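Structure, as structure tokens:
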Amino acid sequence: MFVKICGITSEEDGLLAVAMGADAVGFLFAPSPRRISPPAARDIARRLPPEILTVGVFRNEDPRNVVRIANEARLGAVQLHGGESPEETKHVRQQVRRVIKAFRAGSEDLERARSYGADIVLVDADQPGSGKIFDWALAERAAGSLPVMVAGGLTPENVAEAIGKTRPWGVDVSTGVESAPGRKDPRLVREFINAARLAAAEFPAPELPSGALYDWQSEF
């Protein structure tokens, strides 16, 4: 089970997420209380182990700016969390190593996710970043050979249920493990990751075709 802790705003929280077993950390460059500057994200990312995937999160940003910021912050991936078109997503993917494309649960675009050329599909609530859950059955539209991540209102208390109903490749959390906007709670982070790992052992994700997911860890 791939676990991403998003909305990292400090080195302390980045190192905390890694120490608790996260596979990835996310930095928000879209308007948000958790927004961070590219230099600050770079300073945090450089302190993390190389096997940790660092992800820049953008919403309806000019693709040229997405690529520029990702390079400036030296990130391993970008997450496009708005209404980016397949053409915009493909443009970004041509210039960065890994792209996660987010879709609203129930969106018709989710049914043609493969046409966006992203590496990973993320299914989020109708109001991304709101901390609200959605009908997890809607994530079933994200079928096919792409890895699927689930986000939106996840907490240590409900992540096991979400995994049991959607059997995703990964989960993404931000507000559900915070003590305040932009401040991660060590206990909640630990409980979330532990619950996700236990649930994944009981409800494993469907196997993906060989070579369907690029292994970023192999570069280090």
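In this text the structure is predicted, and so the values were computed from the model without any measurement.
For Tyr116, the side chain to side chain contact (heavy atoms under 4.5 Å, CB included) partners are Pro86, Thr89, Lys101, Phe103, Asp109, Arg112, not counting sequence neighbours. Shown here are the side chain to side chain contact (heavy atoms under 4.5 Å, CB included) partners of Ala17, two or more places apart in sequence or in another chain: Ile5, Ala22, Val25. Residues meeting the side chain to side chain donor-acceptor pair (under 3.5 Å) test with Glu12, sequence neighbours left out: none. Not a single side chain to side chain donor-acceptor pair (under 3.5 Å) links Gln94 to another residue, sequence neighbours left out. Annotation: side chain to side chain contact (heavy atoms under 4.5 Å, CB included) contacts of Glu72 (sequence neighbours excluded): Pro38, Pro39, Arg42, Arg68. With sequence neighbours excluded, the residues that form a side chain to side chain donor-acceptor pair (under 3.5 Å) with Glu61 are Asn65. Partners of Arg35 according to the salt bridge (Lys or Arg N to Asp or Glu O under 4.0 Å) rule, which considers only residues two or more places apart in sequence or in another chain, do not exist here. With sequence neighbours excluded, no residue forms a side chain to side chain donor-acceptor pair (under 3.5 Å) with Asn194.
Partner Glu11 forms a salt bridge (charged side-chain N to carboxylate O under 4.0 Å, His left out) with one of Arg47, Lys184, Arg46 and no other, that one being Arg47.
No donor-acceptor pair closer than 3.5 Å links the side chain of Asn158 to the backbone N or O of Glu161. Using modelled atom types, one side-chain atom of Ser174 and one backbone atom of Cys6 make a donor-acceptor pair closer than 3.5 Å. Judged by distance alone, with hydrogens and angles left aside, the side-chain atoms of Arg114 form no donor-acceptor pair with the main-chain N or O of Ala118 at under 3.5 Å. Using modelled atom types, no side-chain atom of Asn60 and backbone atom of Gly82 make a donor-acceptor pair closer than 3.5 Å.
Looking at heavy atoms from C-beta onward, Val123 lies in side-chain contact with Val148 at the 4.5 angstrom threshold. Within the 4.5 Å cutoff, side-chain heavy atoms of Val78 are placed close to those of Val92. Using a 4.5 Å cut-off on side-chain heavy atoms (C-beta onward), Leu154 and Val171 make contact. At least one side-chain heavy atom of Phe2 sits less than 4.5 Å from a side-chain heavy atom of Leu53. Counting heavy atoms from C-beta on, the side chains of Gln79 and Val99 never come closer than 4.5 Å. No side-chain heavy atom of Ile100 sits less than 4.5 Å from a side-chain heavy atom of Asp119. Side chains of Met1 and Pro168 form a contact here, defined as non-hydrogen atoms less than 4.5 Å apart. Using a 4.5 Å heavy-atom cutoff, the side chains of Leu48 and Thr54 are in contact.
Ala201 and Pro204 make their closest contact through O-CD, 4.0 Å (heavy atoms, listed as atom of the first residue, atom of the second, distance). When all heavy atoms are compared, the tightest approach of His81 to Ala102 is ND1-CB, 3.5 Å. Looking at every heavy atom in both residues, Gly7 comes nearest to Glu178 through O-OE2, 4.5 Å. Here the shortest heavy-atom pairing between Ala41 and Ile36 reads N-CD1, 3.8 Å. Taking every heavy atom of both residues into account, Val177 and Phe192 meet most closely at CG1-CB, 3.7 Å. Scanning both residues, Val121 and Ala113, for their nearest heavy atoms gives CG2-CB, 3.7 Å.
Judged by distance alone, the side chains of His91 and Gln95 do bring a donor and an acceptor atom under 3.5 Å apart.
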Margin query: Applying side-chain contact (heavy atoms from CB on, under 4.5 Å) to Ile52 and Val18, what does each step give before you reach the verdict?
Written below: CA-CA 8 Å; Ile52 299 302; Val18 171; 3.8 Å; yes
Next item on the list: Give the intermediate values and the outcome of side-chain contact (heavy atoms from CB on, under 4.5 Å) for residues Met149 and Ile120.
Entry: CA-CA 7 Å; Met149 296 178 65; Ile120 300 168; 3.7 Å; yes
Next item on the list: Would you check, one step at a time, whether the test side-chain contact (heavy atoms from CB on, under 4.5 Å) holds for Asp172 with Leu122?
Entry: CA-CA 8 Å; Asp172 189 357; Leu122 185 144; 3.2 Å; yes
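Distance check, rounded to the nearest 0.5 Å: CG of Leu28 to CZ of Arg34 gives 7.5 Å. The CD atom of Glu202 lies 10.5 Å from the CD1 atom of Ile163; values are rounded to the nearest 0.5 Å. Atom CD of Glu87 is separated from atom OG of Ser115 by 8.5 Å, given to the nearest 0.5 angstrom. A distance of 8.0 Å separates OG of Ser37 from CG of Asp43, quoted to the nearest 0.5 Å. Summarising the geometry, atom OG belonging to Ser179 is positioned 8.0 Å from atom CG belonging to Asp13; distances are rounded to the nearest 0.5 Å.
Counting only residues at least two apart or in different chains, ring pair (Phe, Tyr, Trp, His ring centres under 6.0 Å) contacts with residues 148-167 are absent. The list of salt bridge (Lys or Arg N to Asp or Glu O under 4.0 Å) pairs with a residue in residues 189-200, not counting sequence neighbours, reads Asp23-Arg197, Arg187-Glu191. Residue pairs meeting the ring pair (Phe, Tyr, Trp, His ring centres under 6.0 Å) criterion with at least one partner in residues 11-41, sequence neighbours excluded, are Phe29-Phe58. Residues in residues 6-26 take part in no ring pair (Phe, Tyr, Trp, His ring centres under 6.0 Å) pair, two or more places apart or across chains.
By the 4.0 Å N-to-carboxylate-O rule, Asp124 lies too far from Arg104 to be salt-bridged with it. Look at Glu84 and Arg59 and you find no salt bridge, because none of the NZ, NE, NH1 or NH2 atoms lies under 4.0 Å from a carboxylate O.
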